[in-house]
2 protein chains.
Amino acid sequence: MSESDTTREKIIAAARERFSHYGYPKTTIAELADDCAMSPGNIYRFFKGKIDIAVEIARREALSAVEVIEAVLDCPVRSSRQRLEEVVFADLRYTFHLLENRPKTLELAQIVVSDRPQFQIESLRRERRVFQRILHEGQASGEFFIENVASTTIALHAATTKYRYAQLFTNQTLAELERELAHVMTVILRGLMPSKDGKPLAETTIPSEETAPLASAS
Amino acid sequence: MSESDTTREKIIAAARERFSHYGYPKTTIAELADDCAMSPGNIYRFFKGKIDIAVEIARREALSAVEVIEAVLDCPVRSSRQRLEEVVFADLRYTFHLLENRPKTLELAQIVVSDRPQFQIESLRRERRVFQRILHEGQASGEFFIENVASTTIALHAATTKYRYAQLFTNQTLAELERELAHVMTVILRGLMPSKDGKPLAETTIPSEETAPLASAS
DNA sequence: AAAATGAACAATCAATAAATTATTCACTAA
DNA sequence: TTAGTGAATAATTTATTGATTGTTCATTTT
């Protein structure tokens, strides 16, 4: 058990090395086998296929990313507001630097997601859980006024979508993105705070679709 | 002048037809020339290259999309809040239906953007201008409390990024996206409204980067 | 002149063949 | 029994070629 575990780890280590240097497609099973001083066939006793090695690496990468974000929760802060700000900015900075310094990580993630869509869904869910904890704390302490923590978490997460994998959408610099994110957080936080008179603004309801059906085939 | 203008329009019409039916790559200049009863060479008296025909079509598409959104501004509404809600949902619905009914439109847009990055920047800017007008109105009437309309517009636009070209990010249904967007707008609108005691929450400032440099090459 | 042509050329694409690679499995070693 | 092998095969990628397409331009038509 422990024996086969270390063998498995050896494969993962070799793969991490090659994937990040040469990329997933240009790394061959034969090369990994060589690195581990074993035959290609033996790799398949530990992984069902090449893609599964990538999945395992990406899974660990995603988990450690959430850990980095979660680490911010351990820092002492004045308020839930500050906690939320710290986490959101940490998220932006972490993914920005990751894509900047190790571009192959993005490539690997895209390959994994295109083969395993569920992977992305679960990664995002883990990330949201961190947000949810902060909102919950803020609600409990009375600092935030939140009618429904679950749906507000989703809203917060959606509103900051642009700042995860920002390089996919824009070629703004990190400084620009930070400035922009600060404005987004200003609006959102004002929206999370209780109004002094205790009467929160009514929720947005989905407007009815009035306009004629557009975009018919030309 | 008018003569060559109608010829140009004939080419655009033929291209619109073929691009939306068979796609940009599978449409040949020879076919367009045939459709217009002219020789391939003559097309080049009106467009510098094939891609420029696509750019012109995409430009018009983008303009008419903004017009659709702007049309919402003409409907009488009770409040700036309602106006903003209508516009944001109209945007989601328009682009959602567009990509659903005419998927080649997305393909064309992506081809144009990859060749002319400026195209996307300008399209987004036009869209933001609509948002900005509403925020400005709301500020003038006192309905919204906004310190800086320009940066708040950018924030609003960024926070709703997910709902433009939503199909690129998720495979949620329109109904799911609408429900989610309603929550996002709830938070944002609460953030835009003036607090009763007149003292708005301080703006978010960019937190200092405390964590050690992460994501060094492995 | 201005508008248009169509053959000529260069660039790109599609189809196929060749080479490489992922995966399996009957087998050997510990 | 468990760990590992490596040749055989299936799947994928890469290279090569021929065909198609985008673009130009000397020439013709209006």
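Chain letters run A, B, ... following the sequence lines, proteins first and then strands; every chain starts at 1.
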Colleague: Can you confirm if the aromatic rings of A/F89 and A/F96 lie within a centre distance of less than 6.0 Å?
Modeller: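 No: the rings miss the under 6.0 Å criterion.
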Colleague: Please list all pairs passing the side-chain hydrogen bond (donor to acceptor under 3.5 Å, both in side chains) test where one or both residues lie in residues 33-59 of chain A, with sequence neighbours left out.
Modeller: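 The answer is A/R18-A/D35, A/N42-A/R45, A/D52-A/R116, A/E56-A/R59, A/E56-A/R60.
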Colleague: Below 3.5 Å is the cut-off: list the nitrogen or oxygen pairs between protein and nucleotides 18-23 of chain D, distance only.
Modeller:
residue : atom : partner : partner atom : Å
D/dG22  : OP1  : B/T27   : O            : 3.2
D/dG22  : OP1  : B/K50   : NZ           : 3.0
D/dG22  : OP2  : B/I29   : N            : 2.7
D/dT23  : OP2  : B/Y44   : OH           : 2.5
D/dT23  : OP2  : B/K50   : N            : 2.8
D/dT23  : O5'  : B/Y44   : OH           : 3.2

Colleague: Calculate the interatomic distance between A/I43 atom CD1 and C/dT21 atom P; express it in whole Å.
Modeller: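 From A/I43 CD1 to C/dT21 P: 14 Å.
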Colleague: Answer yes if the side chains of A/Y163 and A/E180 hold a donor-acceptor pair under 3.5 Å, and no otherwise.
Modeller: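 Judged by distance alone, the side chains do pair up.
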Colleague: Atom CZ of A/F47 and atom P of D/dG4: how far apart are they, to the nearest Å?
Modeller: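 In whole Å, D/dG4 P and A/F47 CZ are 14 Å from each other.
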Colleague: Is the closest side-chain heavy-atom distance between B/L192 and B/L84 below 4.5 Å?
Modeller: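 SC-SC contact between B/L192 and B/L84 confirmed.
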Colleague: What is the separation between atom CZ on A/R18 and atom C1' on C/dT21, rounded to the nearest whole Å?
Modeller: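 It is 14 Å, rounded to the nearest whole Å.
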Colleague: A/F46 CZ to D/dT2 C1': how many Å, rounded?
Modeller: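 Answer to the nearest Å: 10 Å.
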Colleague: Atom CG of B/D5 and atom P of C/dA3: how far apart are they, to the nearest Å?
Modeller: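 Rounded to whole Å, this separation is 11 Å.
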Colleague: Counting only side-chain heavy atoms from C-beta out, which of C/dA3, D/dA3, D/dG6 sits nearest to A/R45?
Modeller: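 The answer is D/dA3, which lies nearest to the side chain.
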Colleague: Between A/H21 and A/E17, is there a side-chain donor-acceptor contact under 3.5 Å, judged purely by atom types and distance?
Modeller: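 A/H21 and A/E17 do have a side-chain donor-acceptor pair below 3.5 Å.
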Colleague: Can you tell me the distance, in whole Å, between the CG atom of A/L32 and the P atom of C/dT23?
Modeller: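 For the pair A/L32 CG and C/dT23 P, the rounded distance is 11 Å.
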Colleague: Once you round it to whole Å, what is the distance between C1' of D/dT28 and CE of B/M38?
Modeller: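 These atoms are roughly 17 Å apart.
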Colleague: Calculate the interatomic distance between B/N42 atom CG and D/dA26 atom P; express it in whole Å.
Modeller: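 Value for this atom pair: 17 Å.
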Colleague: With sequence neighbours left out, write down each residue that passes ring pair (Phe, Tyr, Trp, His ring centres under 6.0 Å) with B/F19, or none if nothing qualifies.
Modeller: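 Counting only residues at least two positions away or on another chain, B/F19 forms a ring pair (Phe, Tyr, Trp, His ring centres under 6.0 Å) with B/Y24.
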